[in-house]
Amino acid sequence: MEHQDTKLTSMRPRLKELNDNPYIMHFKKIFDVIDTENTIYVEGTDSVIKLKLDYNKVKELKVFNSQPAINDIIVSDEVRKSIKKISLI
């Protein structure tokens with residue numbers, strides 16, 4: 001499965017014993033979503049202590065990332081509700 005910003009790779013060849021087919025989500029880019037003026041950084045570095053997102057940059061995104069060194073996936077409230085509804089987490 002491909003999207004211009006992400007790629008989903010099936011793990012089926014690596015996990016043949018699973019009934020479900022898990023996927024790895026690879027981001028092809030790091031989204032420019034950080035509010036750099038209000039994010040708190042470790043002094044003298046670009047390491048984030050407290051992340052603040054720029055609303056205008058994220059308002060149309062559903063699933064995205066924010067930093068290359070962090071493997072978190074950020075989801076919209078719409079996606080969060082869908083995940084909860086079908087009991088994925």
Side-chain angles (χ1 to χ4, degrees):
M1 293 179 137
E2 296 257 352
H3 181 270
Q4 80 179 49
D5 299 322
T6 60
K7 176 182 179 182
L8 292 173
T9 303
S10 172
M11 293 194 61
R12 173 67 68 200
R14 294 174 202 91
L15 299 168
K16 293 177 182 168
E17 62 278 357
L18 288 180
N19 292 329
D20 198 5
N21 188 16
Y23 286 81
I24 300 171
M25 180 180 287
H26 300 278
F27 286 97
K28 296 178 182 178
K29 72 176 193 174
I30 303 300
F31 290 81
D32 176 23
V33 295
I34 297 176
D35 176 346
T36 55
E37 290 185 18
N38 294 303
T39 291
I40 300 171
Y41 297 92
V42 174
E43 190 173 335
T45 73
D46 61 356
S47 296
V48 173
I49 294 174
K50 188 169 185 178
L51 178 67
K52 296 289 183 172
L53 299 176
D54 183 320
Y55 172 76
N56 290 320
K57 293 178 178 180
V58 301
K59 65 183 177 185
E60 299 297 323
L61 298 175
K62 302 291 184 205
V63 177
F64 58 98
N65 57 12
S66 65
Q67 303 168 70
I70 306 294
N71 63 1
D72 291 346
I73 298 172
I74 302 167
V75 299
S76 68
D77 194 43
E78 176 184 344
V79 172
R80 181 193 65 83
K81 288 176 182 174
S82 294
I83 289 169
K84 295 287 259 184
K85 185 176 181 178
I86 61 172
S87 300
L88 282 178
I89 56 172

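All values below were derived from every heavy atom in this structure, side-chain atoms included, with hydrogens, water molecules and symmetry-related copies excluded. This is a predicted model, so every value here is computed, not measured. The first residue in the sequence is number 1, and the count goes up from there.
- Note that CD1 of Ile74 is 14.5 Å distant from NZ of Lys62, once rounded to the nearest 0.5 Å.
- In terms of hydrophobic clustering, with Ile, Leu, Val, Met, Phe, Trp and Tyr side chains grouped at heavy-atom distances under 4.5 Å, Val33 and Ile30 are assigned to different clusters.
- Put simply, CD1 on Ile34 and CG on Asp54 are 10.5 Å apart, with the number rounded to the nearest 0.5 Å.
- For the salt bridge (Lys or Arg N to Asp or Glu O under 4.0 Å) test, residues two or more places apart in sequence or in another chain that qualify with Asp32 are Lys57.
- Not a single side-chain hydrogen bond (donor to acceptor under 3.5 Å, both in side chains) links Glu60 to another residue, sequence neighbours left out.
- For the side-chain hydrogen bond (donor to acceptor under 3.5 Å, both in side chains) test, no residue two or more places apart in sequence or in another chain qualifies with Asn56.
- Scanning for side-chain hydrogen bond (donor to acceptor under 3.5 Å, both in side chains) contacts around Lys29 gives an empty result, with sequence neighbours left out.
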Can you give the donor-acceptor pairs under 3.5 Å from side chains of residues 39-53 to other protein atoms, not counting sequence neighbours?
residue : atom : partner : partner atom : Å
Thr39   : OG1  : Asp35   : O            : 2.8
Thr39   : OG1  : Lys52   : N            : 3.0
Thr39   : OG1  : Lys52   : O            : 3.2
Thr45   : OG1  : Val42   : O            : 2.8
Thr45   : OG1  : Ser47   : N            : 3.1

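- Rounded to the nearest 0.5 Å, atoms CD (Gln67) and CG (Asn65) are 9.0 Å apart.
- From Lys81, atom NZ reaches atom CD1 of Ile86 across 15.5 Å, with rounding to the nearest 0.5 Å.
- For Ile73, the side-chain contact (heavy atoms from CB on, under 4.5 Å) partners at least two apart in sequence or on another chain are Met25, Phe27, Val63, Val75.
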